Structure formats: structure tokens, C-alpha cells
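Here is the structure we will look at.
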Amino acid sequence: MSTRFDSRNAETICAHLGDDPAQHNGAVITPIYQNSLFVMETMEELVSNYSPAPGTHGPVGGMMRRFDYTRTANPTTDVAEKKIAALEHGELARCFSSGMGAISAAIMSTLKAGDHVVTIHSVYSPTHQFLTDYLRRYGITVTFVTGGTVSDFEPALQQNTRLIDLESPSSFVMTQQDLAGIAQLAKAADIATICDNSWASPLYQQPLDFGIDLVVHSATKYLGGHSDIVAGVVVGHTDRMQKLIRGEGVLLGAVLDPFSGWLLTRGIRTLPVRLAEHCRSAGTIAQRLFEHNAVEKVYYPGMPDDPQAEITAKQLHGRSGLLSFQLKTSDLGAAYKLVNSLRYYGIGYSWGGFESLALARRVPGELFGANEADRVLIRLHIGLENVEDLWQDLDCAIAGV
Ligand SMILES: *Cc1c(COP(=O)(O)O)cnc(C)c1O
């Protein structure tokens, strides 16, 4: 099946790319290769495994002749990697044991001691912490910008800037960055670019097409989709990815276990239908919140008052289920009370699964721009439950405050 595969359509990629029943007794699902080691027939085979004959199609984009050890690569996880690489319009993808495993590997693959990074205030907070607290001990410095326009980035660049780290849309206030404009600015100064694409998933945005060097995902979110795995992935073109796989991938060893790799592939097979439903339901909820007289503002790309409408139209071809809103009251207690009274929404930090979630937080003003005041936001993940159940629950909770 895979040898005859030439579709570029996401639904067909999710269903079939990378699967090869003929290799596995006709099994329609690639089995779980739950083994550390793959043995060879001869010593010659063993020692030549990393010098593949030119033009051959071995594992990890032909970097090797055969699978040898699961820290290097595993046939079960390889299926997920092939699907994700194709969905992102990249050449190679590498799975990690968490989103943070993928993000830290991607960041480290671009930096050395003494380098400088530019990122956005609203970047995922463990990424923020890794860039500041952790990388400080390697002499790496960071500048944070609001990031809504390319001109936010220009004054932040220094002689030693080697990375611009992006997250578009960001996952609390859903602000976007102009990927093509930033990639162009970065390339001219030999600066690498990374974009966390977890919000849009590879279905609704392909940052590599805009010139971004590496895309990272928390595959714990939409790619897995069932809140039953923790996983991450980095995607890019061959040169950068080969270096990252050999270095941060194989050496640092935050490898995805085969069972999680298998569950990840299972999640990806239904990604198009799940995302379509998240998009439809979240669109309905967002519009009703927008029209609600107790609501000050909805943070979700593509709303009628979208301050970044041009970027939304250029970069996103769909919206996922994660949105935030702000009540007219800025009382954190009222926001907590609202979240506590929801019946169908779990209270928790994650998102991207089948289930609806909610939480409230005071968000620092700097995420919105210079001289902006703090705002109290309620973040919702709209899951796959009945949308009228979700709306009634929310409407009732709003009325209660
Ligand atoms: C959850 C998340 C991560 C981290 O992923 P883990 O799988 O929890 O390590 C990174 N970026 C974003 C935007 C996330 O939401």
C-alpha cells in the first residue's frame, strides 16, 4: 500500500501513509514493536548500518539501512513520524516523549553558549521557563516581544541572535505572528526559526510553507487527541532534521515509547474528523459568547473583531477548539465561580482531547502589548460533546455570576 501512495490530501495521509500491511502479515495496523533491540544477520550488516547505499529507503529518511535500536528509531513510531512529516509539508519528523522533549530538543539544536533568543511574551510557560531559567546556565539570553507584527521583532535582534522562537496562535491569548515576514527577517540574518503549531495542528496551518525552519507540537494535544498519551514531535527539512535526530534526538534520548507511538498513529487516523467537529462547535460557542452581553471580548482567530484578520486569512485554514473570553467584570473570584459551576467541562491545564475543559487565570498585560493592563481570562477547550449541552452549561454558569 505505501509504495503506491502518492496522495497529498490530509485525510488520506492520516488514514494510510506509512502503513505497509505487506510487511506485517497483512495486518491493517502496524503492530506494536515493543522491543529495544533489532538483531542483524552478520557483523558486516551491523557495522555498515549507518552508511546506507545512496538512494536507498532505509528508516529515518534513509539515514540507516535497518532498524537497530529503539532509541534510534522504531517501526511503530515511524508510522506516526511519516504521517506528521507529510501533513506538515516537511521531509522528516522525529517523535519525543513529550511536547517539552520536542521543544527543548528543537531549541537546543539551534543554539550554543553565548547565543541570544527572541521569543513572544505569550509563549507556552514551560518553554518560557526553559529559555530563561534553564538556558541561562549556558550563557544564553532571551528577549521577549509582543510579536503581533514583524516590526516588534526587528529592534530585539542582536549580533548574537541565533533563534526566533514562535507559537502561533499562542495557547492562552491566541495571538499570532506573521510567519512569512519573520522567516524572511530571520533568514537574512542567519537566524533559525521554530514555531509551536500545537493550536492549529498540522491540518490547519503549515509553518514550513512560510519559511519557518522547524515546527514543534505537543502531540499530547490534537495529534494524540484522546488524553491518553504524552508525546511531542519536531518536523522540518532534511539537513536540520538529520542533525537534530543524531544530536538531541538519539543522544539526549527522550524517545517516544512504541506503545505511545502506536496510540499516536491511532489518534492521527481520526484527526481530520475530530478537528472539523472541534472547529464547528468552538465556532458556535465563540460566536454566542461574542454576542453575550456579559462578555467583554472573545480571543479566537477569525472573530468579527479579529485584530489580526489579515494573518488569520493568510496562515490558518481552520480553527481548533481552544479559545478564551473575558467577562465584563474583571473579578478573578467571579471567573473562578463560573468555572467551578460548569458541569460538562473538566478543570485542567491540558487541551486537544475529546473532552471539554475550562480554567480561569489573570493574564499579565504585557502579553497584549506595552502599557496594557492585566486581564482575567477564562480559557475553554471545546471538546466533542453535544454543542448545545456545552452552550447551555456555559450560559447558565455565566448567568450565575
Ligand atoms: C501542552 C503544550 C506543550 C507541552 O507539551 P507536553 O506534551 O505537555 O510536554 C507545548 N506547547 C503548547 C502550546 C502546549 O499546549
Side-chain angles (χ1 to χ4, degrees), residues 77 80 84 88 93-108 117 119-132 134 147 165-177 179 193-205 207 212 214-235 248-249 252-257 259-261 263-264 267-268 275 278 282 299-301 315-316 319-324 346-359 361 363 367 377 379-383:
T77 304
I84 296 167
E88 282 288 3
R94 169 76 181 191
C95 285
F96 287 83
S97 51
S98 68
M100 281 311 296
I103 290 166
S104 57
I107 289 173
M108 286 188 288
V117 181
T119 190
I120 54 168
H121 284 296
S122 56
V123 76
Y124 180 64
S125 68
T127 305
H128 190 293
Q129 216 178 321
F130 177 67
L131 285 170
T132 50
Y134 192 90
D165 187 53
L166 307 172
E167 182 183 326
S168 185
S170 63
S171 52
F172 215 102
V173 296
M174 322 305 158
T175 49
Q176 301 178 79
Q177 298 102 53
L179 299 178
T193 47
I194 299 175
C195 182
D196 186 329
N197 196 27
S198 302
W199 187 93
S201 94
L203 283 191
Y204 292 161
Q205 179 170 266
I212 296 297
L214 292 172
V215 172
V216 293
H217 285 276
S218 171
T220 312
K221 311 293 163 54
Y222 288 117
L223 289 166
H226 295 74
S227 298
D228 54 8
I229 58 168
V230 173
V233 65
V234 185
V235 198
E248 291 72 24
L252 299 191
V255 62
L256 190 63
D257 71 285
F259 184 43
S260 294
L263 284 170
L264 175 55
I268 292 168
L275 258 278
H278 286 295
Y299 299 78
Y300 191 52
Q315 294 179 180
L316 288 176
R319 303 189 290 179
S320 69
L322 193 71
L323 61 107
S324 292
I347 300 175
Y349 280 118
S350 194
W351 48 274
F354 64 92
E355 78 282 28
S356 290
L357 297 167
L359 61 88
R361 211 185 99 189
V363 177
L367 268 65
L377 298 193
R379 186 178 79 175
L380 301 176
H381 179 251
I382 302 303

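Read the numbers this way: they start at 1 and go in the same order the structure lists the ligands and their atoms. What you see below is based on every heavy atom in this structure, not just the backbone, and it leaves out hydrogens, waters and symmetry mates. On a predicted model such as this, the values are computed, not experimentally measured, just so you know.
- For T77, there are no side-chain hydrogen bond (donor to acceptor under 3.5 Å, both in side chains) partners, not counting sequence neighbours.
- E248 contributes no side-chain N or O that, together with a main-chain N or O of A254, makes up a donor-acceptor pair within less than 3.5 Å.
- There is no side-chain donor-acceptor pair under 3.5 Å between T127 and E167.
- Evaluation of the side chain to side chain contact (heavy atoms under 4.5 Å, CB included) rule for A200 yields N197, Y204, Q205, L316 as partners, not counting sequence neighbours.
- Remark: S324 pairs with no residue by the side-chain hydrogen bond (donor to acceptor under 3.5 Å, both in side chains) rule, at least two apart or across chains.
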N/O pairs closer than 3.5 Å, ligand 1 and protein:
| residue | atom | partner | partner atom | Å |
| --- | --- | --- | --- | --- |
| ligand 1 | 5 (O) | S218 | OG | 2.9 |
| ligand 1 | 7 (O) | G99 | N | 2.8 |
| ligand 1 | 7 (O) | S218 | OG | 3.0 |
| ligand 1 | 7 (O) | T220 | OG1 | 2.6 |
| ligand 1 | 9 (O) | G99 | N | 3.0 |
| ligand 1 | 9 (O) | M100 | N | 2.8 |
| ligand 1 | 11 (N) | D196 | OD2 | 2.7 |
| ligand 1 | 15 (O) | K221 | NZ | 2.6 |
| ligand 1 | 15 (O) | W351 | NE1 | 3.2 |

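- Taking the six-membered ring for Trp and the full ring otherwise, Y222 and W199 have centroids separated by 6.0 Å or more.
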